[in-house]
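Order of the sequence lines fixes the chain letters, A, B, ..., with proteins taken first and strands second; residue numbering starts at 1 for each chain.
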Amino acid sequence: MTNETSHNDHQGHGSTGLYVTVFVALCILTSMSFLTYFDFWRERVPVGVSRAFMMAVSCCKAMLVITFFMHLKWEANWKWVLTVPASLLAIVLMLVLVPDVGLRMRHASYTRMIHAAEVSPEVSGDHPKEPHDADHSST
Amino acid sequence: MSDDHKSDHQDSGHGHSPMFEYQPALPISIGKTFMWLFLSTEIMFFAALIGTYIVLRFGAVNWPSTHDVHLAEIWGATNTFVLICSSVTIVLALEAAKKNLASAAKGWMVLTFALGAVFLGIKMFEYNAKFSHSLFPIYPHSQIYEKADVYYAQAVRKRLNGLKADLENTTERTEAQNEQLTLIDSISLDYVVPAEKAIREDPESPAGRILLLKMADAIYPRASVHEHHAGIRHAAAQSSKFKLISTGSEAAAGHLQGLNDQYHWLKLPIMIPGGNMWVSTYFLLTGFHALHVVVGLIVFALLLRMTLGTSKAGLIENIGLYWHFVDLVWIFLFPLLYLF
């Protein structure tokens with residue numbers, strides 16, 4: 001395999017055998033990500049680990065496609081100019097939205113709960129109520 | 001004109017202004033440069049959509065499970081495999097074209113086109129599964145309610161009344177239409193009326209809310225609810241005056257059948273928590289991706305009209321880059337939509 005890749009580097013593109021190998025690797029990775037669908041996986045593996053695993057598999061597949069099929073392994077340094085800013089943009093864009101939109105439901109209920117208006121006892125005519133749990137409100 | 005300038009420079013002084021040779025920005029062809037620049041804009045496009053989906057999905061109050069919205073992971077995985085195969089075939093087409101094997105290149109290209117068409121076919125099958133369960137991306141076809149509350153009951157009642165009025169206004173009713181009328185009455189009496197009555201009489205008690213949830217479940221049973229409560233029969237069906245064919249029971253195909261499934265003409269509003277956000281993001285992401293696949297297929301069709309020799313290798317390479325990108329987007333879309 002190393003002989004083949006160094007020969008390919010010299011040539012500037014891959015051989016058919018290399019492409020088929022990459023294809024097989026992609027198929028294996030796809031079936032690995034499909035494992036998470038089964039019950040035994042859902043029972044044994046925590047959700048966070050499962051998601052990290054799926055994203056890792058997707059990134060591996062993406063790297064294989066980009067490096068070999070899109071030929072970037074054999075291209076010059078300009079590939080970093082295109083790929084690095086685009087990747088940074090993708091990740092950063094998502095991260096900036098996480099505090100406001102992504103974590104919306106983490107703290108909203110608690111904040112609402114502690115600041116929720118209470119009906120004063122004089123008006124309602126009975127004992128002061130517990131602050132309403134805001135979980136079942138529509139927004 | 002450039003010749004005049006050259007002669008001017010040569011006359012004005014010995015080596016006063018050096019003659020600049022035009023250097024391309026990147027050591028690749030113009031076509032390839034522009035394809036990569038276009039792909040970086042596409043990356044930004046899909047990064048925006050996918051990033052938004054991730055954030056909305058994890059920040060949502062409720063989100064339907066994949067089985068609630070009839071999303072079958074097997075078709076997503078099959079589509080992934082189909083696109084990976086098509087990526088391989090287009091690379092092999094390029095290799096053949098570089099070696100000037102025009103007929104082999106055309107053969108691989110035909111295969112790529114066929115695989116792309118298979119992808120679209122499976123996508124259409126999946127979309128049909130959504131549409132047949134009244135999961136549409138926009139109003140007025142979309143009748144998805146987030147909660148089983150009084151507004152939902154009102155919408156169901158209005159739909160039933162509308163259907164009833166149409167049937168009653170038909171002068172000569174067929175046997176089938178009479179049966180429809182009976183069914184509408186039974187649904188109304190079994191589900192809608194008791195639920196609305198209970199919630200009206202005692203809004204604070206859970207009894208009304210439970211009846212509303214049972215009504216929603218009878219119309220559109222959600223797999224996530226039934227997996228949790230396996231084996232519990234609905235009491236409402238047993239206490240009805242009218243004979244209803246088993247509602248909410250497992251169909252032979254192993255997927256829950258509600259009233260909307262059994263009677264396709266009913267089209268009652270359905271209740272799926274998080275359903276509206278789900279349909280919006282799902283159809284947006286897969287719709288834009290499918291559009292890109294269609295564009296790719298059109299370009300393949302145009303390429304197939306040419307002889308794919310060495311002179312066309314650059315063109316095939318650039319189209320291949322676009323097609324690999326389409327595959328790449330799907331590689332990320334598949335786990336996000338189907339497996340999370």
Determine, step by step, whether F288(B) and F46(B) satisfy the ring-ring contact (aromatic ring centres under 6.0 Å, His included) criterion, reporting the C-alpha distance in whole Å, the side-chain angles of both residues, the deciding distance to 0.1 Å, and the verdict.
CA-CA 9 Å; F288(B) 267 122; F46(B) 278 104; 7.3 Å; no
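Distance alone, capped at 3.5 Å, places no donor-acceptor pair between the H324(B) side chain and the V65(A) backbone.
Of the listed residues M94(A), K61(A), R51(A), K79(A), the one with more heavy-atom pairs under 4.5 angstrom with chain B than any other is R51(A). Among the candidates I43(B), V88(B), I54(B), the residue making the largest number of heavy-atom pairs closer than 4.5 Å to chain A is V88(B). No other option in T52(B), I84(B), I74(B), L94(B) has as many heavy-atom pairs under 4.5 Å with chain A as I84(B). For the options I91(A), L89(A), T16(A), L82(A), heavy-atom pairs under 4.5 Å to chain B are most numerous at L82(A).
Looking at S33(A), the atoms closer than 4.5 Å to chain B (heavy atoms on both sides) sit in the backbone and in the side chain alike. For L328(B), the part sitting under 4.5 Å from any heavy atom of chain A is the side chain, from C-beta outward, and nothing else. Looking at E73(B), both its backbone and its side chain come within 4.5 Å of chain A, counting heavy atoms on both sides. In this structure, chain B has heavy atoms under 4.5 Å from both the backbone and the side chain of L97(A). Interface residue L39(B): only side-chain heavy atoms are found under 4.5 Å from chain A. With a threshold of 4.5 angstrom between heavy atoms, A62(A) approaches chain B through its backbone and through its side chain. For L321(B), the parts lying near chain A are the backbone and the side chain together; criterion is any non-hydrogen pair under 4.5 Å. Contact of Y338(B) with chain A is not made at all, since no heavy-atom distance falls under 4.5 Å. Of the two parts of L72(A), only the side chain, counted from C-beta on, holds a non-hydrogen atom closer than 4.5 Å to a non-hydrogen atom of chain B.
With rounding to the nearest 0.5 Å, the separation of NZ in K312(B) from CE in M109(B) is 11.5 Å. We find the CG-OH distance between L212(B) and Y151(B) to be 12.5 Å, quoted to the nearest 0.5 Å. Between the OG atom in S31(A) and the CG atom in L26(A) there is a gap of 10.5 Å [rounded to 0.5 Å].
Counting heavy atoms from C-beta on, the side chains of S58(A) and F334(B) never come closer than 4.5 Å. Contact of the I28(B) side chain with the W78(A) side chain is registered, since non-hydrogen atoms from C-beta on lie closer than 4.5 Å. Side-chain atoms of K73(A) and I66(A), non-hydrogen and from C-beta on, never get closer than 4.5 Å to each other.
Comment: E204(B) does not engage R209(B) in a salt bridge, judged by the lack of any side-chain N to carboxylate O separation of less than 4.0 angstrom.
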